[in-house]
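To keep things clear, I will list the structure first and then write my remarks on it.
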Amino acid sequence: MNRTGEGLPVVVGISGASGSAIANGVIDALLEMRRPVVVTASAAARMVWHQEMDISFGEALENWGDAGDFTYYAPADIQAPIASGSFPTHSMAIVPCSMSTVAAIAHGFSDNLIRRAADVCIKERRPLTIVPRETPLSAIHLENMAALARLGITVLPPEPPFYLKPQSLDDVVEYIVQKTLASLGLIDTLPEAMQYDGPPGSQG
């Protein structure tokens, strides 16, 4: 169920890190919820997409455009509406989020539309979730993410829910998608199949 602000667009930034399937899943889920969606993706993100996905990024853009209220802006388009705090949005997810994007946001370096849109969310106090992709994490990475967490940003690493015994990579991706939606306040609870209800035989 959608909460307040259901008519406002959700911004999705895609940076150059592994995890294109999660970005695809988040955008698909938002469009299925009939949410307006605004997407921007870096050049590196498109390169990673080409390596990881079965369809091109251009084909994905066409599919999203056919599926609902969808807008795409190039990462260099700093004149795009999402670069201004006066343009109302509900929230933003950066998925996946590279460590260079984490560092830039943590230090207010808004050199592309993804980072500027994130900066807008921070200054306007709108929900912002990042799905960081790197392992192992250095002290620099951790310090930058800690700085974002102190600002109220949700840091949501794409960790598999082993306790739910996922049967495929698709199961893991869908879990992260739903956790992302929940972190932005777009759904009240995770689907029942994704909720932990104790060890087997503990009910009743």
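No hydrogens, no waters, no symmetry mates; every other heavy atom, side chains included, goes into these values.
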>> I'd like to check Pro9 versus Arg35 (side-chain heavy atoms, cut-off strictly below 4.5 Å). Are they in contact?
In response: no
Is it true that, when you exclude Gln195 itself, more than 12 heavy atoms of the residues, nucleotides or ligands shown sit nearer than 6.0 Å to its CD?
yes
Output for pair (Arg46 CZ, Leu61 CG), nearest 0.5 Å, gives 6.0 Å
So CG of Asp69 and CG of Leu31: to nearest 0.5 Å the spacing works out to 8.5 Å
Same cluster or not: Ile105 versus Val12, using hydrophobic residues (I, L, V, M, F, W, Y) connected whenever any side-chain heavy atoms lie under 4.5 Å apart?
no
Out of curiosity, does Val48 fall in the hydrophobic cluster containing Val131 (side-chain heavy atoms, cut-off under 4.5 Å, transitive links)?
no
Here the gap from Thr180 atom OG1 to Ile94 atom CD1, rounded to the nearest 0.5 Å, amounts to 12.0 Å
Q.
Quick check: is Ile187 connected to Val173 through a chain of hydrophobic side chains (ILVMFWY, heavy atoms under 4.5 Å apart)?
A. yes
In this structure, CD1 of Ile153 is separated from CZ of Arg126 (nearest 0.5 Å) by 14.0 Å
Would you please test Arg125 and Leu151 for side-chain contact (heavy atoms from CB on, under 4.5 Å) and show each step? CA-CA 9 Å; Arg125 300 180 183 273; Leu151 291 171; over 6 Å; no
Of all heavy-atom pairs linking Pro127 and Cys121, the shortest is O-SG, 4.2 Å
Please report the C-alpha distance between Leu181 and Leu30 in whole Å, then the side-chain angles of each, then the deciding distance to 0.1 Å, and finally whether the side-chain contact (heavy atoms from CB on, under 4.5 Å) criterion is met.
CA-CA 8 Å; Leu181 298 179; Leu30 289 168; 3.7 Å; yes
* **Heavy-atom side-chain proximity of Val10 to Pro36 below 4.5 angstrom** => no
*asked:* Counting C-beta onward and ignoring hydrogens, is there a side-chain heavy-atom pair between Met145 and Pro132 closer than 4.5 Å?
replied: yes
Pair Thr40-Ile14, side-chain contact (heavy atoms from CB on, under 4.5 Å): steps then yes or no
CA-CA 6 Å; Thr40 183; Ile14 311 174; over 6 Å; no
Heavy-atom nearest pair, Ile82 first then Val120, reads O-CG2, 3.9 Å
Does Phe162 CZ have over 12 foreign heavy atoms under 6.0 Å away? no
Pairwise side-chain contact, Met194 with Lys179, heavy-atom cut-off 4.5 Å (strictly under):
no
For Ser98 and Arg133, which I'm curious about, is there any donor-acceptor pair between the side chains at under 3.5 Å? no
In terms of heavy-atom contacts, Leu190 and Tyr175 come closest through CD1-CE1, 4.1 Å
Pair Leu186-His90, side-chain contact (heavy atoms from CB on, under 4.5 Å): steps then yes or no = CA-CA 9 Å; Leu186 296 167; His90 178 275; 3.4 Å; yes
Any carboxylate oxygen within less than 4.0 angstrom of a Lys/Arg side-chain nitrogen, looking at Arg115 and Asp111? yes
### Message
If hydrophobic clusters are built from ILVMFWY residues whose side chains come within less than 4.5 Å, do Val38 and Val95 share one?
### Response
no
CG (Asp171) and CG (Leu164) are apart, to the nearest 0.5 Å, by 9.5 Å
Ile176 and Pro157 have their tightest heavy-atom pair at CD1-O, 4.3 Å
Are Met53 and Phe57 linked, directly or through intermediate hydrophobic residues, by side-chain heavy-atom contacts shorter than 4.5 Å (ILVMFWY only)? yes
Item checked: Side-chain (Glu52) to main-chain (Gly19) donor-acceptor, under 3.5 angstrom -> yes
side-chain hydrogen bond (donor to acceptor under 3.5 Å, both in side chains) filter on Thr154, not counting sequence neighbours, yields none
Any donor-acceptor pair under 3.5 Å from His141 side chain to Ser138 backbone:
yes
Is it true that a side-chain atom of Glu143 and a backbone atom of Ile140 form a donor plus acceptor pair closer than 3.5 Å?
no
dist Leu148:CG -> Ile130:CD1 (nearest 0.5 Å) comes out at 5.0 Å
Correct closest heavy-atom pair for Ser42 and Ile114 would be N-CD1, 3.7 Å
Practice item. Would you kindly say whether Ser183 and Thr129 are connected by a side-chain donor-acceptor distance under 3.5 Å? Key: yes
Checklist entry - Are the side chain of Glu134 and the backbone of Met99 linked by a donor-acceptor contact shorter than 3.5 Å? => result no
Nearest heavy-atom contact between Trp49 and Ala60 is CZ2-CB, 3.6 Å
The side-chain hydrogen bond (donor to acceptor under 3.5 Å, both in side chains) partners of Trp64 (sequence neighbours excluded) come to Asp28
